[in-house]
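Letters go in sequence order (proteins before strands), and every chain restarts at 1. A quick note: this is a predicted structure, and the numbers were derived from the prediction, not measured.
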Number of protein chains: 2
Amino acid sequence: MGTAVGGGKAVPRYVQIADEIVQQIRAGVLGAGDMVPSESELVDRYGVSGGTIRKAMVEVRASGLVETRHGKGSIVKARPPVRLRSSDRFRRTHRQEGRAAYLAESAQSGAEAKVSVLFIGPMEAPEDIAGRLGVEVGTQVLARRRLYFRNGTPVETASSYLPWDVVKDIPELFAENPGGGGIYARLEEHGHVFAEFVETLQARPASKAETSELALSPGAPVVHLVRDAVTEAGRVVEVCDTLMAADQFVFEYRIPARD
Amino acid sequence: MGTAVGGGKAVPRYVQIADEIVQQIRAGVLGAGDMVPSESELVDRYGVSGGTIRKAMVEVRASGLVETRHGKGSIVKARPPVRLRSSDRFRRTHRQEGRAAYLAESAQSGAEAKVSVLFIGPMEAPEDIAGRLGVEVGTQVLARRRLYFRNGTPVETASSYLPWDVVKDIPELFAENPGGGGIYARLEEHGHVFAEFVETLQARPASKAETSELALSPGAPVVHLVRDAVTEAGRVVEVCDTLMAADQFVFEYRIPARD
DNA sequence: GAGTGGTCTAGACCACTGA
DNA sequence: CAGTGGTCTAGACCACTCT
């Protein structure tokens with residue numbers, strides 16, 4: 001046979017099918033944790049070939065509502081992802097309450113948060129990081145690499161880099177748990193008082209490697225966020241390089257009106 | 001025949017081919033404006049079937065380095081896109097110099113910018129906008145919908161919504177060109193002095209409709225940005241709803257350290 | 001018209017999951 | 001083991017672009 005006959009519009013069949021499945025999820029016909037019918041079952045149900053169903057499922061995955069595992073099937077994701085990541089999570093009052101930024105926000109939205117430390121130790125500064133820290137490429141810096149989970153699924157990797165002369169007298173920064181208020185609290189206790197944080201964001205499709213690290217569907221977008229922590233002395237004492245699953249976050253920034 | 005024979009690894013052939021093409025572009029073998037070989041030529045060159053090449057090209061498109069048009073082919077994109085969109089483009093000094101935010105930034109990065117006005121006129125406030133403006137759903141507001149171009153290609157759609165009682169005495173806001181400094185300058189001249197701007201961002205794959213409006217490849221990510229302009233009186237006098245091609249922008253925000 | 005990408009098919013084989 | 005998704009093929013027809 002041929003192509004989408006019948007109506008004779010422009011919407012390809014696989015898009016129609018994808019939309020139909022997405023609607024069923026949004027409408028609750030398929031609820032959180034339910035399995036999406038298997039591809040072969042969908043082939044029967046819609047009377048199209050496997051390739052077409054396959055393309056439809058690629059679209060469905062791109063919607064972020066579903067997670068597919070190989071010999072298993074596709075399962076409707078647990079929930080309306082989206083965690084607000086607001087710009088005032090760096091307030092000192094939050095730190096003094098003893099909570100690190102990510103916990104403060106997770107608590108707000110009632111989700112279970114977890115951090116797994118992947119690496120803490122010395123490292124030669126990569127080029128872009130060295131530039132931001134104002135040190136030579138290859139200089140030794142402290143790297144702290146972690147993976148953040150939310151409700152059991154990885155949503156974010158973060159790598160902090162700090163100049164060695166800053167960290168060498170702050171033993172807590174070498175510990176998995178740097179203590180109440182996080183590393184920023186420790187830094188301010190040691191005289192590195194922050195003036196501002198500069199964040200740059202860019203969204204792009206996940207690479208193959210990132211796809212597996214964050215358990216994403218191929219092609220799902222990620223947000224690459226890099227933050228410079230600048231002290232009142234004008235020095236960048238930390239660069240935090242973060243990669244986040246885009247469907248898990250909404251970013252909020254408040255910009256004061258200025259002259 | 002079967003699958004990726006030979007080595008016997010896990011990397012699918014279409015990914016290998018996609019990577020190879022992407023490398024050629026990054027290395028400059030294929031330069032800006034060059035046509036990527038046609039799919040049938042790639043079929044010959046790599047000795048695989050059309051479907052495999054097709055999947056490879058989907059990957060290549062996802063990299064954002066290439067733009068594909070139907071009966072034409074794939075062309076290597078003109079540019080290392082990326083335009084910095086920094087949070088201090090709302091400074092009054094910029095407005096007083098008579099330049100609107102987008103022009104100030106475009107000038108910086110030496111790109112040709114253009115705006116096309118799609119619609120200016122009264123409109124019933126949609127639900128989310130009404131909520132932000134603090135008016136009833138369906139109340140009449142002024143809508144200003146524009147499409148921004150950069151070097152000839154559309155990169156951003158923006159829709160501003162303003163309460164009717166605010167705009168009714170400011171005729172410039174109904175004009176395509178609201179005058180030097182843009183609508184924010186006009187609003188401040190009429191007593192609406194801004195205290196802050198609140199921006200929320202979310203990245204997601206483009207929908208089918210957005211794909212065509214911004215001339216994107218299917219599945220390419222977009223950034224949805226909504227900005228509330230808040231006056232010193234605590235009122236939101238403008239909501240700007242923006243959709244941007246993610247590969248065209250880097251966002252920068254400066255966050256002052258606070259208690 | 002010839003050439004391009006876009007959709008679809010019908011069937012093959014592989015790799016992973018779970019009972 | 002049966003069932004699932006993942007990759008690949010070879011060929012068909014369609015829609016768009018350019019000449």
Side-chain angles (χ1 to χ4, degrees), chain A residues 1-19 21 34-62 66-77 208 211-212 215-220, chain B residues 1-19 21 34-62 66-77 208 211-212 215-220:
Chain A
M1 272 125 272
T3 321
V5 278
K9 319 134 306 320
V11 181
R13 197 71 217 284
Y14 74 88
V15 174
Q16 297 174 24
I17 294 172
D19 285 349
I21 294 171
D34 289 354
M35 296 297 287
V36 176
S38 78
E39 298 190 354
S40 52
E41 192 176 329
L42 292 171
V43 165
D44 294 345
R45 181 177 307 182
Y46 288 101
V48 297
S49 82
T52 302
I53 290 296
R54 197 115 253 290
K55 273 186 99 174
M57 287 307 296
V58 169
E59 296 289 303
V60 173
R61 276 191 282 277
V66 129
E67 188 185 329
T68 300
R69 267 179 308 186
H70 198 144
K72 191 86 179 305
S74 291
I75 188 169
V76 178
K77 269 199 196 163
K208 219 64 182 174
T211 289
S212 67
L216 296 172
S217 315
Chain B
M1 266 127 278
T3 320
V5 277
K9 327 127 302 319
V11 181
R13 199 68 219 284
Y14 74 89
V15 173
Q16 297 175 23
I17 295 171
D19 284 350
I21 294 171
D34 289 355
M35 295 297 288
V36 175
S38 78
E39 297 190 354
S40 52
E41 192 175 329
L42 292 172
V43 165
D44 294 345
R45 178 177 310 183
Y46 288 100
V48 298
S49 81
T52 302
I53 290 295
R54 197 115 254 291
K55 273 187 98 174
M57 287 308 296
V58 168
E59 296 290 303
V60 173
R61 275 191 282 278
V66 130
E67 188 186 328
T68 301
R69 267 179 308 186
H70 199 145
K72 189 90 179 305
S74 290
I75 188 171
V76 178
K77 270 198 195 164
K208 220 63 181 173
T211 289
S212 67
L216 297 172
S217 314

Pairwise side-chain contact, Asp19(B) with Glu59(B), heavy-atom cut-off 4.5 Å (strictly under): no
Roughly how many Å is it from CZ in Arg69(B) to C1' in dA15(D), rounded to a whole number? 16 Å
Contacts of type side chain to side chain donor-acceptor pair (under 3.5 Å), residue Thr52(B), not counting sequence neighbours: none
Is the shortest side-chain N/O distance from Ser74(B) to OP1 or OP2 of dG5(C) below 4.0 Å? no
I want to verify a distance call: between dA10(C), dT9(D), dT4(C), whose nearest atom is closest to the His70(B) side chain? dT4(C)
Given atom CD of Glu59(B) and atom P of dT7(D), what is their separation to the nearest angstrom? 9 Å
With rounding to the nearest 0.5 angstrom, report the CD to OH distance, Gln16(B) to Tyr46(B). 10.0 Å
Distance-minimising heavy-atom pair for Arg61(B) and Ser74(B): NH1-OG, 4.3 Å
Whole-Å gap separating P (dT7(D)) and OH (Tyr14(B)): 4 Å
Ignoring backbone atoms, test whether Ser49(A) places a side-chain nitrogen or oxygen under 4.0 Å from the OP1 or OP2 oxygen of dA10(C). no
Length of the line joining Arg54(A):CZ and dC8(D):P, which is rounded to integer Å: 11 Å
Heavy atoms from C-beta onward define the side chain here; which of dT17(C), dT7(D), dT7(C) lies closest to that of Lys55(A)? dT7(C)
Applying side chain to side chain donor-acceptor pair (under 3.5 Å), name anything that partners Ser49(B), two or more places apart in sequence or on another chain. none
Name the closest nucleotide to the Pro12(B) side chain, picking from dC8(D), dG5(C), dG6(D). dC8(D)
In whole angstrom, what separates Glu67(A)'s CD from dT17(C)'s P? 13 Å
Measure the distance from CD1 on Ile53(A) to P on dT7(D) and round it to the nearest whole Å. 17 Å
Quick check on contacts: within residues 39-46 of chain A, what sits under 4.0 Å from DNA chain D by heavy-atom distance? Glu39(A), Ser40(A)
Which of these nucleotides, dA15(C), dG18(C), dG5(C), is closest to any side-chain atom of Lys72(A)? dG18(C)
Between dG5(C) (C1') and Ile75(B) (CD1): distance, integer Å: 15 Å
Nearest-Å distance, CZ (Arg13(B)) to C1' (dC14(C))? 17 Å
Check side chain to side chain contact (heavy atoms under 4.5 Å, CB included) between Ser38(B) and all other residues, then give those that pass, not counting sequence neighbours. Ser40(B), Glu41(B)
Under the side chain to side chain donor-acceptor pair (under 3.5 Å) rule, collect the residues that match up with Glu39(B), sequence neighbours excluded. Arg54(B)
